[in-house]
Amino acid sequence: MRRVLNAPELPVTIALVLLLLTFAVLRPEAFATSENVRSVITDSSALVVLAMVTMLIIVTANIDLSIGSIIAFCEVVGVKAMDAVGGGGLTAILVGLVATVGGGLAWGSFNGWLVARLNLQPLIATLATFGIALGAAQVISNGNDLTDVPAGLVEHFGTATLFSVPLIAYVGVLVFTVTAFTLRVTRFGRHTYAIGSDRQAAERAGIRVRRHIFTVYALAGAAYGLVAFMNLSRFGTTAIGGHTADALNAVTAVALGGTSLFGGIGTALGSLIGVFIPAVLQNGLIIADVQPYWQQIVVGAALLVAIYADQRRRARRNRR
Amino acid sequence: MTSRPTLRRLLAAVTLASAAALTGCGSEGSDNNATSVDGKAATADAKGKKFVYISGVNDAAYNAVYCGVQQAAQRLGVQVRKQDPTEFSPAAQTRAVNAVIASKPAGIVISPNDANAMLAPLQRAKAQGIKVVTALNTLNDPAPLASSSVFDEEAGGKAAADYLGKASQGKKVKVALITFKPKASLPADTRWRAFEDRIKTFPNIDYLGAEFVQEVAPSAATPVMNAILSRHPDVWGVDVTFGVAGQGAAAAIDQRGKDVKLTTYDPGNPGVAKALRSGTITAAVGYGTRKLGVSALEQAYNAVSGKPVTKRITFPPVVFTKQTATPQAINATESPDC
């Protein structure tokens, strides 16, 4: 029982449950339907993927602001690659997947190199990458969004369902499961917590900290590429100018979920729930005919509560 | 005696010399058409003269305008190039204007990023003897302008409402609207208000009000459309005030397997054009963006050659549907690819 009460995800879980109940009571016929739940989950899938890897980065006491630009770049590169192969068949689609994930992996590795090898401050280094990657996306696409996405991709993946659940949603669930498993069970996960908790102690314990941080950034980059692929398959177009808030949204979700921005604390479940708080708010407020402006106020307030709770927890821990 | 002070002085001298040389060379940006300006004063005829199009930023709508500008330039026998500000802001555009003024073109066609802030830089251009014409957006004070070619955004919003009104055929239906966060985009706001005013004149239509989108990305509009669909499963029509969000709304409608009449804008956006042809978007209001460019350059040409100029040309909306959104039609007037 004590473990449940002290769990960092507890406040946010309670918050989500309260939100769900409130909206379900207010508008049962509109909010509490399987169709609505399914669409909220699907629409949040990309952010779930982002939140998982953002959490990993933040748990190591680092940060990545370049998320949105890398996604924009990967979208462009993905379309260009599929276009180059031509035909719109399975080969082209697979090439697109390789191009997006590969492009993301490259940028993630670049970030990892800047932070882990060159020891640059992650906030500034990834801010620089944010600009460079976006510029590169615009150079390659000549400023215009590209729409030559194979129709087969949109039809058979982006809008396809399995047991009435969109395939896109399964991707989110898969990434969540892998992340949760990694953090809880594997050595990689333990090392991630250790590095964020006390970097020097981790080094002295023999953990290859720099290599680990590099790997985390690189993996995150690959995940951004995956999100780019998901976007292309859902919407059939790039959205070069539409990813400026991605990093903020990911960090918000992660922070809401009880992850400490100082590192060392955070869970996949918490970050998953953190993704759904703003999503459920937006959905519920529109359904309840409340001005959606309230969403930003509530999310901001919730964020304050979350980091205050984290602060209290850290203070308690330091007192021992 | 160390070489360091000498090196420093040398570095300073080189820097100053480069700065001077660059200032003398004038504009940044790539010169698409190699120009050699004829120094002779050819007053009555503008043939061979240099014109520059200053966009708002590098994006589809302005690229479409430039397609029109290039078309007219070819026909009239003048040189033209494009200068893109680094971002959509009056500050960045002012820098571009200053650079362009230094290159001394005969005329400037510009899509101002702010109806007030760009007045001063364009007045400077006029003072240098450069003829200034606006396209797509214009200034509140037209003093420095020879002419302006603009959209009628009000008519556009009205056209979307009329399309849905007519299609409803007197039946009692629900219509929603999705727009960009208020005050962030003048065209979107104008279309929104004009749509609302007009849709309320249809007594059979139950107008559900506006919902807002925070980002210019399809993924931002999809959750909003999903929420509307959950709240009003019987919603019949929706107007989305910019094409990118229209694509997102269409994705939500498709995913839920609903049949909703979706009107939006920007048929020049290739994604919107594709969705029009496949039927996921029912109608898209265009304005003949390229025509704006053609018109603006023509007026600039007239101003430079002393011919009569039309001060203000307003372009009415054109509603594209599945039948009329052929690639030829779109390319002729809307597409940014040329």
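Source: prediction; values computed, not measured. Throughout, protein chains are lettered first and strands after them, A, B, ... in sequence-line order, and every chain is numbered starting at 1.
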Item to complete: Report the option among N231(A), T238(A), T237(A) that has the most heavy-atom pairs separated by less than 4.5 Å from atoms of chain B.
Response: T237(A)

Fill in: Contacting region of V154(A) [heavy-atom separation from chain B under 4.5 Å]
neither

Worksheet item: Given that the side chain runs from C-beta out, which part of T244(A) has a heavy atom under 4.5 Å from chain B: side chain, backbone, both or neither?
Response: both

Looking at every non-hydrogen atom in both residues, tell me the closest pair between [X] and [Y] and how far apart they are.
| X | Y | result |
| --- | --- | --- |
| T147(A) | G271(B) | CG2-N, 3.3 Å |
| I287(A) | R231(B) | O-CD, 2.6 Å |
| K274(B) | G236(A) | NZ-O, 4.5 Å |

Mind checking the [atom1]-[atom2] spacing from [X] to [Y]? Nearest 0.5 Å is all I need.
| X | Y | atom1 | atom2 | result |
| --- | --- | --- | --- | --- |
| D246(A) | E215(B) | CG | CD | 6.5 Å |
| Q282(A) | Q214(B) | CD | CD | 8.0 Å |
| N142(A) | N63(B) | CG | CG | 6.5 Å |
| I178(B) | I286(A) | CD1 | CD1 | 8.0 Å |

Practice prompt. Report the option among A251(B), P218(B), A217(B) that has the most heavy-atom pairs separated by less than 4.5 Å from atoms of chain A.
Written response: P218(B)

Contact check, side chains of [X] and [Y], non-hydrogen atoms, under 4.5 Å:
| X | Y | value |
| --- | --- | --- |
| S230(B) | F31(A) | no |
| N226(B) | V40(A) | no |
| N144(A) | D337(B) | yes |

Worksheet item: What part of V224(B) gets closer than 4.5 Å to chain A, counting heavy atoms only: side chain, backbone, both or neither?
Response: both

Worksheet item: Does the side chain to side chain contact (heavy atoms under 4.5 Å, CB included) test come out yes or no for R256(B) and S39(A), once each step is laid out?
Response: CA-CA 8 Å; R256(B) 303 277 276 259; S39(A) 55; 3.0 Å; yes

Worksheet item: For atom CG of D234(B), is the number of surrounding heavy atoms from other residues, nucleotides or ligands below 6.0 Å larger than 12?
Response: yes

Worksheet item: Do we see a donor-acceptor contact under 3.5 Å between the side chains of R234(A) and S219(B)?
Response: no

